[in-house]
Number of protein chains: 2
Amino acid sequence: MSKKRQLLIDTALTLFYSHGIHGIGINEILKVSGVAKRTLYSHFTSKEELLLAALEARHHVFIQWLESKLSNAKNDLEVATQLFESLADWFDNNEPLLGEFRGCFFINTCGEYSDVSCEIRQLCEQHKSKVRQVIADKISSDNQTCVATLSILMEGAIVTAQVSGKKALLIEDCINASQAMLH
Amino acid sequence: MSKKRQLLIDTALTLFYSHGIHGIGINEILKVSGVAKRTLYSHFTSKEELLLAALEARHHVFIQWLESKLSNAKNDLEVATQLFESLADWFDNNEPLLGEFRGCFFINTCGEYSDVSCEIRQLCEQHKSKVRQVIADKISSDNQTCVATLSILMEGAIVTAQVSGKKALLIEDCINASQAMLH
DNA sequence: TTGTATGTAGACAATTCGGTCTACTTTTTG
DNA sequence: CAAAAAGTAGACCGAATTGTCTACATACAA
């Protein structure tokens, strides 16, 4: 992997994430990264291809982060608490790996693309599917409902933190709801 | 309220909602609505002002819809079931008042605007605050946690339906989680 | 009748968009 | 060393962007 290529992906990810895809032009990405336009188009055929690369990069970073955060949970309740407490750290910008919190990059991206069958949307869907899988792998019970509920609470927490501001109560509620579900 | 003004707001709302704010140009809104550009700029000083009007219009429609859906719930559990079953109808495009489901317009909008203190974001935050208030007014118990959890589940359901498309199981999970919470 | 509101079509300006291209320089590698 | 690969700056293209402006038409109420 070329150094410039990685720099372009990183810069695109940061800018797309914070200003939306259509809110950021190619020229802005070039200016911020300091890479020449010719170089960009030797690595990517279009803006969309750069976006796809950025989505994939974010996917890998996020999944790796999530797996590490849940790695030492010893039972289902610990999975839940560690999940939501890690999210709280993200919301409070205490997770350098994930950068400044601006909601979920994949949710934000879906808001800008209406065609559900396009490659971009499919990548977003696959990411969410993988996130659920990571949680499922840590849940000992074969109860599929538990995984689904945790995922829904997770999405709700992310969106609420983004739109309504980050609150300590939010995470408490998620953990309480998890406890109620796990009897 | 002028007829053309309302037509512009309705058209802008539909197009913004389905393609994102920055994905839709003024000219497209004019073409679809059949209104002259001069007329638009006699009613609104800028695209942003039109967006604010569209957000407000959506806010009123959604709140009215939500209130009507929860109006005849007789206890907390009924509030929860009617809430999530109404959401299911929305996801399945069986709620003409809300139009074709494309996630939450306010969440999608927040994804395109990073400045939390700008007027657009504040409108989105106020909308979510009002949604929580509508739910709170129907919950008999003074338990604030119940309202918060329902809200989080609601946001999670909306986002999951938008990104991952799973609908039937999703609503079941939300209702199950509500039941667990309400003992 | 005569203002005044509100509407029309569309040219135009200034800027930005994604993307191509030329000409040149640097870095890596066999 | 020499060839190939990867980089640079930035002019340029056509299309699209938001917003302004001129000139004119229609509807309605005092």
Measure [atom1]/[X] against [atom2]/[N] and give the value in whole Å, please.
{"X": "Ile26(A)", "N": "dT20(C)", "atom1": "CD1", "atom2": "P", "answer": "11 Å"}
{"X": "Lys31(A)", "N": "dG10(D)", "atom1": "NZ", "atom2": "P", "answer": "14 Å"}
{"X": "Ile21(A)", "N": "dT16(C)", "atom1": "CD1", "atom2": "C1'", "answer": "18 Å"}
{"X": "Leu30(B)", "N": "dT20(D)", "atom1": "CG", "atom2": "C1'", "answer": "14 Å"}
{"X": "Leu7(A)", "N": "dA6(D)", "atom1": "CG", "atom2": "P", "answer": "17 Å"}
{"X": "Glu28(B)", "N": "dA15(D)", "atom1": "CD", "atom2": "P", "answer": "17 Å"}
{"X": "Arg38(A)", "N": "dG7(D)", "atom1": "CZ", "atom2": "P", "answer": "11 Å"}
{"X": "Asn27(A)", "N": "dC13(D)", "atom1": "CG", "atom2": "P", "answer": "16 Å"}

Side-chain polar contacts of residues 19-32 of chain B - donor-acceptor pairs under 3.5 angstrom, sequence neighbours left out - could you list them?
| unit_1 | atom_1 | unit_2 | atom_2 | d |
| --- | --- | --- | --- | --- |
| His22(B) | ND1 | Glu112(B) | OE1 | 2.7 |
| Asn27(B) | OD1 | Lys37(B) | NZ | 3.0 |

Looking only at heavy atoms, what is the nearest atom pair of Asn108(B) and Gly103(B), with distance?
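Here Asn108(B) and Gly103(B) meet closest at ND2-C, 4.5 Å.
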I want to check a possible cation-pi pair here: Arg58(A) against Tyr17(A), using under 6.0 Å from ring centre and within 45° of the ring axis as the test.
yes
Any side-chain heavy atom of Gln133(A) within less than 4.5 Å of one from Asp137(A)?
yes
Could you state the interatomic distance from [atom1] ([X]) to [atom2] ([Y]), rounded to the nearest 0.5 Å?
{"X": "Glu48(A)", "Y": "Leu55(A)", "atom1": "CD", "atom2": "CG", "answer": "10.0 Å"}
{"X": "Glu100(B)", "Y": "Ser18(B)", "atom1": "CD", "atom2": "OG", "answer": "7.5 Å"}
{"X": "Asn176(B)", "Y": "Cys146(A)", "atom1": "CG", "atom2": "SG", "answer": "12.0 Å"}

Does any residue of residues 40-49 of chain B have a heavy atom under 4.0 Å from DNA chain C, and if so, which ones, in number order?
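By residue number: His43(B).
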Please check: side-chain N/O of Thr149(B) versus main-chain N/O of Thr145(B), any donor-acceptor pairing under 3.5 Å?
yes
Mind telling me whether dA5(C) is syn or anti, cutoff 90° either side of 0?
syn
Quick check, are the ring centers of Trp90(B) and Phe84(B) under 6.0 angstrom apart?
no
Under 3.5 Å, is there an N or O donor on one side and an acceptor on the other linking the side chain of Lys37(A) and the base of dG10(D)?
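Donor-acceptor pair under 3.5 Å: no.
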So which nucleotide does dT26(D) pair with, by the Watson-Crick or G-U wobble rule with both distances under 3.5 Å?
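Partner of dT26(D): none found under 3.5 Å.
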Can you tell me the base-pairing partner of dT20(D)? Count Watson-Crick or G-U wobble geometry only, both distances below 3.5 Å, and say none if there is no partner.
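Its partner is dA11(C).
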Nucleotide nearest Ala36(B) when distance is taken to its side chain, options dG18(C), dA9(C), dT6(C):
dA9(C)
Reading 5' to 3' through nucleotides 24-30 of chain D, protein heavy-atom contacts under 4.0 Å coded B for base, S for sugar-phosphate only, - for none
-------
State whether Thr39(B) places a side-chain N or O below 4.0 Å from either non-bridging phosphate oxygen (OP1 or OP2) of dT8(C).
yes
OP1 or OP2 of dA6(D) sitting under 4.0 Å from any side-chain N/O of Lys3(A)?
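No, Lys3(A) has no side-chain N/O under 4.0 Å of OP1/OP2 on dA6(D).
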Would you classify Ile24(B) as touching base, sugar-phosphate or nothing, given that sugar-phosphate means primed atoms plus P, OP1 and OP2, and contacts are heavy atoms under 4.0 Å?
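Since only primed, P, OP1 and OP2 atoms lie under 4.0 Å of Ile24(B), the category is sugar-phosphate.
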Side chain to side chain contact (heavy atoms under 4.5 Å, CB included) test vs Thr11(A) passes for just one of Leu13(A), Leu7(A), Ile9(A), namely Leu7(A)
